[in-house]
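Working notes, structure below.
Only a predicted model underlies this, so the values are computations on that prediction, with no experimental measurement involved.
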Amino acid sequence: SLLILWSPPHVLRGIPIRQLETFMTKVINHEKVWEGCWDIDENGEFVQSAKPPGSGSRNMYDACQNIVIPEAAAMDASYSEIFADHGPPAIFLSHAWGEEAQNTKS
């Protein structure tokens, strides 16, 4: 069988804020311990760490490795294209990938 995915044009890639909040909750509470995550220690040095479920320090770099790639890579589409509703946005909201998911959700 053949699967064809359509990627919406940029003007239709808005997702509802509730879906972003739901995704951030999934990042924070994902059931596995995320190994090999990068953090910055008190001396400003990069260190690897493990982030358990409920960790407030999980970020989008961690989410990409532990949620987005495993769930979306085989579809050759973005996570949002597969799992979110799309439409023209009313406002533009962005997030920093290195920011903790709990802060982004707040």
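- Remark: S55 pairs with S57 by the side chain to side chain donor-acceptor pair (under 3.5 Å) rule, at least two apart or across chains.
- Here the CG atom belonging to L93 is positioned 5.0 Å from the CD1 atom belonging to I17, to the nearest 0.5 angstrom.
- Taking N43 as the reference, nothing meets the side chain to side chain donor-acceptor pair (under 3.5 Å) condition, with sequence neighbours excluded.
- Within the hydrophobic cluster formed by Ile, Leu, Val, Met, Phe, Trp and Tyr side chains joined at under 4.5 Å, directly or through other members, F46 is accompanied by W38, I40.
- Within the model, atoms CD1 of I82 and CE of M75 stand 5.0 Å from one another, a figure rounded to the nearest 0.5 Å.
- Here the shortest heavy-atom pairing between A50 and V33 reads CB-CG1, 3.9 Å.
- Within the 4.5 Å cutoff, side-chain heavy atoms of I69 are placed close to those of C64.
- The side chain to side chain contact (heavy atoms under 4.5 Å, CB included) check on I91 picks up nothing, with sequence neighbours excluded.
- Applying the side chain to side chain contact (heavy atoms under 4.5 Å, CB included) rule to E81 yields the partners S7, P8, R13, A77, S78, H86; only residues at least two apart in sequence or on another chain are considered.
- With sequence neighbours excluded, the residues that form a side chain to side chain contact (heavy atoms under 4.5 Å, CB included) with A63 are F23, V27, W34, M60.
- Judged as a side chain to side chain contact (heavy atoms under 4.5 Å, CB included), and not counting sequence neighbours, P89 has no contacts.
- Between the side chain of R58 and the main chain of Q102, no donor-acceptor pair closer than 3.5 Å is present.
- Summarising the hydrophobic clusters (Ile, Leu, Val, Met, Phe, Trp, Tyr; side-chain heavy atoms under 4.5 Å, direct or chained), the residues clustered with I28 are none.
- With rounding to the nearest 0.5 angstrom, the CD1 atom of I15 is 10.0 Å from the OH atom of Y79.
- Within the structure, the side-chain hydrogen bond (donor to acceptor under 3.5 Å, both in side chains) test picks out the following pairs touching residues 59-70 (sequence neighbours left out): K51-D62.
- Applying the salt bridge (Lys or Arg N to Asp or Glu O under 4.0 Å) test to every pair with at least one member in residues 26-37, sequence neighbours left out, gives these pairs: K26-E71.
- Among residues at least two apart or in separate chains, there is no salt bridge (Lys or Arg N to Asp or Glu O under 4.0 Å) pair with a member in residues 94-106.
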